[in-house]
S.K.: 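Pasting a structure below so you can have a look.
Quick note on labels: first sequence line is chain A, next is B, and so on, each numbered from 1.
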Amino acid sequence: MNLYLAAFGFGLVSTSVLAIAAVGFTMQFGISNMINLAYGEVMIASAYAAYSLNSQGVSIWIALLAGAAFGAAFSFLLNRILYAPFQRKGTALIGMVIISLAASLMIANVMLPIVGYYSVSYRQGSGSTFHVGAIALTGVQVAIIGVAIAMMLAIHALLTLTRLGKAMRATAANATLARNCGIPTRRVIDTAWLITGALCGVAGTVAGMNSESFSVSSGSGFLITIIAAAVLGGAGHPYGAMVGALLIGEVTELSAAVISPQYKEVVAFAILVLVMVLRPQGLLAKRGAMAAAG
Amino acid sequence: MPASTAGVADGGATSAPSTGTAAPPMMSVRDVHRHFEGMHAVDGVSVDVLPGHITGLIGPNGAGKSTLLAVLAGTLPASEGTIIFDGADITRWPAYRRARHGLVRTFQLPSEFAQLTVLENLLVAAPQHRGESLRGALLGRRYWAADERREVARARELLARFSMTAKESDDAGSLSGGQKRLIEIMRALMLRPRLLLLDEPMSGVHPSIISEIASYLETLRDEGLTILIVEHELHMVERLCNPVVVMAQGRVIGQGSMSELRRQREIVEAYLVG
Amino acid sequence: MTYYLTNILVYAGVDIIACLALNLQFGVSGIVNFSFIVFQAAGAYTAAVLSLPPDSANGGFQNYVLGAQLPFPLPWIAGAVVGGLLSIPVGLVVLRRLRPDYQAIAMLVLSVIVNLVITNARPFLNGAAGLSLIPQPLSDQFNPYSAGYLWGYVGAAAVCALLVFLVAQRIVKSPYGRTLRAMREHELAVTALGKNPVVLKMTIFIVGGVMAGLSGAVLVQFITIWAPSTWLYPETLILFAAVIVGGRGNNIGALLGAVLVPVGFEEATRYLPQFGPPGLVPAFEWVAIGMLIIGFLWFRPKGVVPERPGRIPAASAPGGGRLAEDSGAR
């Protein structure tokens with residue numbers, strides 16, 4: 001029993017990391033109607049950006065901000081330079097997937113010569129350990145959960161209270177209609193990529209903080225868990241992604257305890273495939289953009 | 001000789017009364033519903049589609065007309081109700097099976113096979129072509145060449161009839177909106193349909209071609225083809241359709257010839273004016 | 001020199017088979033099979049475990065199933081068959097009316113899952129270490145290092161490639177191929193014309209799977225090793241690059257793409273001086289592959305050899321065309 005409780009605790013941390021990432025990812029899908037397969041690589045790149053400061057002695061929390069900024073800028077440029085032009089050209093959805101996959105491989109392989117193959121770790125004090133029953137988490141882990149909660153609240157506030165947030169929701173629902181109502185969709189989309197890019201950057205850095213080490217190859221593993229969380233909650237729905245992250249985060253940690261740590265990711269991936277095939281609109285969403293036209 | 005469209009002919013009556021014809025209905029729609037997430041797009045529709053007539057389906061936006069057409073064609077499943085086509089209960093049949101039995105639909109948005117030529121577009125529709133299965137393909141050209149010759153001849157007849165012969169080798173994607181519509185109709189005709197479901201065939205078509213398309217439809221009806229057409233252009237409906245079914249909010253609120261409908265309640269009037 | 005040449009040619013043969021297969025699935029039929037490499041791997045593993053002796057041999061340092069020591073050409077045939085069989089469950093599960101980019105992702109994820117599972121399930125196919133010392137065909141009768149043997153292998157690979165090409169041609173030039181292309185353009189319309197899209201997709205998916213399996217079998221008995229690191233998901237993307245560059249939907253294009261991208265690329269970069277730290281050149285290759293894909297999709301999406309429909313002989317009398325003389329706005 002204690003094993004499961006401990007796993008549950010770790011699950012909360014996984015959930016936190018995943019939630020930040022998945023919300024950013026799913027919002028990119030919602031606003032641009034494309035699956036950004038380069039998301040995992042941008043996360044890792046941001047983690048490395050943070051590392052470049054942190055390894056020089058900068059506090060990990062400042063480095064986190066750097067990671068966020070890096071992620072924001074990178075994602076913004078990625079959309080502006082690569083995705084948006086192809087979309088304007090009328091490229092089909094499947095072409096966009098191929099392009100984003102190509103981009104992800106390019107980013108990974110540009111990073112490799114720069115940062116090297118070997119894994120790196122952040123310099124961070126792990127802080128005191130907190131115990132709640134059988135759940136034991138380090139200070140850093142608790143902080144990560146805090147960061148996640150803060151970001152979720154911030155996103156919620158953005159979407160419901162601000163004009164920008166409402167413009168984003170309108171653009172995601174129907175870009176043409178939004179434009180006709182006078183919403184400057186191009187600027188809204190650019191800003192959305194900045195914000196989701198920041199989420200991506202934070203997620204990458206925080207994932208690095210939660211792992212003993214990370215390297216360029218961590219990116220693809222992240223990506224699939226993120227897609228799993230996003231799809232579970234209904235692609236394009238940020239609140240769904242939060243719930244999806246919780247489910248995936250807990251299920252992976254619990255299955256690592258029950259089955260074996262090696263198959264942790266396999267479970268998440270299997271869930272993803274099952275959901276995509278059986279209920280592509282996600283567990284929560286009513287009607288997704290997921291069903292084929294008809 | 002134009003390609004014939006075998007159908008249950010009713011003498012091709014153009015101004016027959018809307019009810020009480022002797023021939024049994026080509027299609028009987030009985031209390032069909034289509035819900036999706038609490039929305040009743042089609043909310044208990046019962047109509048009979050009479051053979052040899054062009055039946056119009058009109059109503060304001062959101063009335064459920066296109067949804068009903070999709071349910072009849074099998075593109076969407078009916079949530080409740082029964083559809084009888086030519087004596088068979090097709091309610092659970094998938095769309096392709098209905099097409100094979102002569103119930104063919106077209107689409108509101110252009111649906112030509114853009115990177116295939118006009119002739120190829122028609123040939124794809126050819127029913128029961130030996131070369132169309134994997135096995136047939138692997139057996140080689142000699143196995144299916146005769147079928148191909150036959151279908152090419154049929155397709156060329158249709159192209160000639162619709163005066164599109166010169167476009168035979170052009171990529172279908174390069175044609176104008178009106179020409180694409182004609183391709184869709186010709187494609188449907190290759191299947192020897194008995195009931196043709198047209199989803200807003202005039203939409204996106206240049207006004208000067210609309211009349212042409214209407215003439216083709218009239219000729220096809222005169223040859224015995226049954227047509228159900230969802231349409232917004234009321235003068236087209238006026239010209240072509242008898243009977244006309246009016247839908248609003250998922251239900252049928254009136255049926256009859258246009259003149260009869262005009263005489264009915266003001267509510268119907270409100271929709272006809274639009 | 002012989003070794004170098006025969007090496008390129010066998011790889012060319014294998015890549016040609018693979019590109020023809022992917023072209024049928026993706027170029028002609030529009031199925032974005034991001035899990036393609038799994039089927040090649042399945043063929044390779046099958047050929048391997050059917051030609052290897054039982055795993056206690058060679059000191060028992062490997063752990064795998066079967067070990068049937070079957071003679072040539074049985075492992076190749078079996079590899080092709082398994083590629084086809086594996087396509088059935090995968091196809092049935094994934095090829096439904098999903099939005100196409102979802103389908104692609106599902107197959108990508110599948111590719112990752114399978115690789116992970118094989119890597120971790122050690123007794124099945126020897127896990128991460130993979131299989132080695134795989135016997136070469138007829139190696140008990142001929143010296144596998146002799147020039148004659150190597151050229152013989154090239155010949156066998158060429159025969160397979162030719163066979164696959166002929167099958168692909170028959171498919172593409174037939175009404176079946178035409179219907180597949182129509183399905184790629186507008187699946188719903190094809191359904192409305194009485195064609196069952198599931199049957200169409202499944203048949204071509206299986207055909208592609210058979211070819212993919214064959215390519216794996218031919219490759220594995222040449223290089224005599226096979227490990228999960230050989231078939232990671234990005235390998236599929238190289239083949240996609242080949243099909244996109246060469247020309248979608250066109251068998252000649254697929255052939256050209258196979259020669260230009262997997263083969264031409266590897267060879268070209270072999271001649272580049274090893275600049276920078278080790279591992280820089282392979283990384284550079286991947287970047288180049290990505291740029292190739294993006295560049296072609298932007299500037300020349302149809303590829304080097306665009307798809308040209310089979311020419312149907314013109315009618316003897318051109319017939320009336322007043323309506324056809326359309327300026328677009330009659």
S.K.: Could you tell me which of B:Ala188, B:Ala99, B:Gly131, B:Ala95 has the largest number of non-hydrogen atom pairs under 4.5 Å with chain C?
M.R.: B:Gly131
S.K.: Against the six-membered ring of B:Tyr96, is B:Arg100 placed for a cation-pi contact (under 6.0 Å from the centre, within 45° of the normal)?
M.R.: no
S.K.: Just to verify, what does C:Phe205 make a ring-ring contact (aromatic ring centres under 6.0 Å, His included) with, not counting sequence neighbours?
M.R.: C:Phe39
S.K.: Does a donor on one side chain and an acceptor on the other come within less than 3.5 Å for B:Arg105 and C:Thr191?
M.R.: no
S.K.: Who among C:Ile171, C:Thr179, C:Asn196, C:Thr203 has the most heavy-atom pairs with chain B under 4.5 Å?
M.R.: C:Asn196
S.K.: First locate atom CG of B:Leu122, then atom CG of B:Leu189, and finally report the distance between them rounded to the nearest 0.5 Å.
M.R.: 8.5 Å
S.K.: Tell me, for C:Val190 versus chain B, whether the close heavy atoms (under 4.5 Å) come from the side chain, the backbone, both or neither.
M.R.: both
S.K.: Select, from C:Gly177, C:Ala192, C:Gly249, the one with the greatest count of heavy-atom pairs under 4.5 Å involving chain B.
M.R.: C:Ala192
S.K.: Considering the options B:Arg181, B:Arg187, B:Lys180, which one meets the side chain to side chain donor-acceptor pair (under 3.5 Å) requirement together with B:Glu112?
M.R.: B:Lys180
S.K.: Side chain from CB out, backbone as N, CA, C, O: work out which of these in B:Leu175 comes under 4.5 Å of a heavy atom of chain C, or both, or neither.
M.R.: neither
S.K.: Would you mind checking which part of B:Arg97 comes under 4.5 Å of any heavy atom in chain C, side chain (CB onward), backbone (N, CA, C, O), both or neither?
M.R.: neither
S.K.: At what distance, to the nearest 0.5 angstrom, does CE of C:Met202 lie from CG of C:Leu92?
M.R.: 4.0 Å
S.K.: Can you tell me which portion of B:Ser111 sits under 4.5 Å from chain C's heavy atoms? Options are side chain, backbone, both or neither.
M.R.: both
S.K.: What part of B:Ala126 gets within 4.5 angstrom of chain C, counting heavy atoms only: side chain, backbone, both, or neither?
M.R.: backbone
S.K.: Give, as side chain, backbone, both or neither, the part of B:Leu138 having an atom under 4.5 angstrom from any heavy atom of chain C.
M.R.: both
S.K.: Quick check on B:Ala125 against chain C: is it the side chain, the backbone, both or neither that has a heavy atom closer than 4.5 Å?
M.R.: both
S.K.: Can you see whether B:Tyr143 has B:Arg130 sitting over its ring - NZ or CZ less than 6.0 Å from the centre and within 45° of the normal?
M.R.: yes
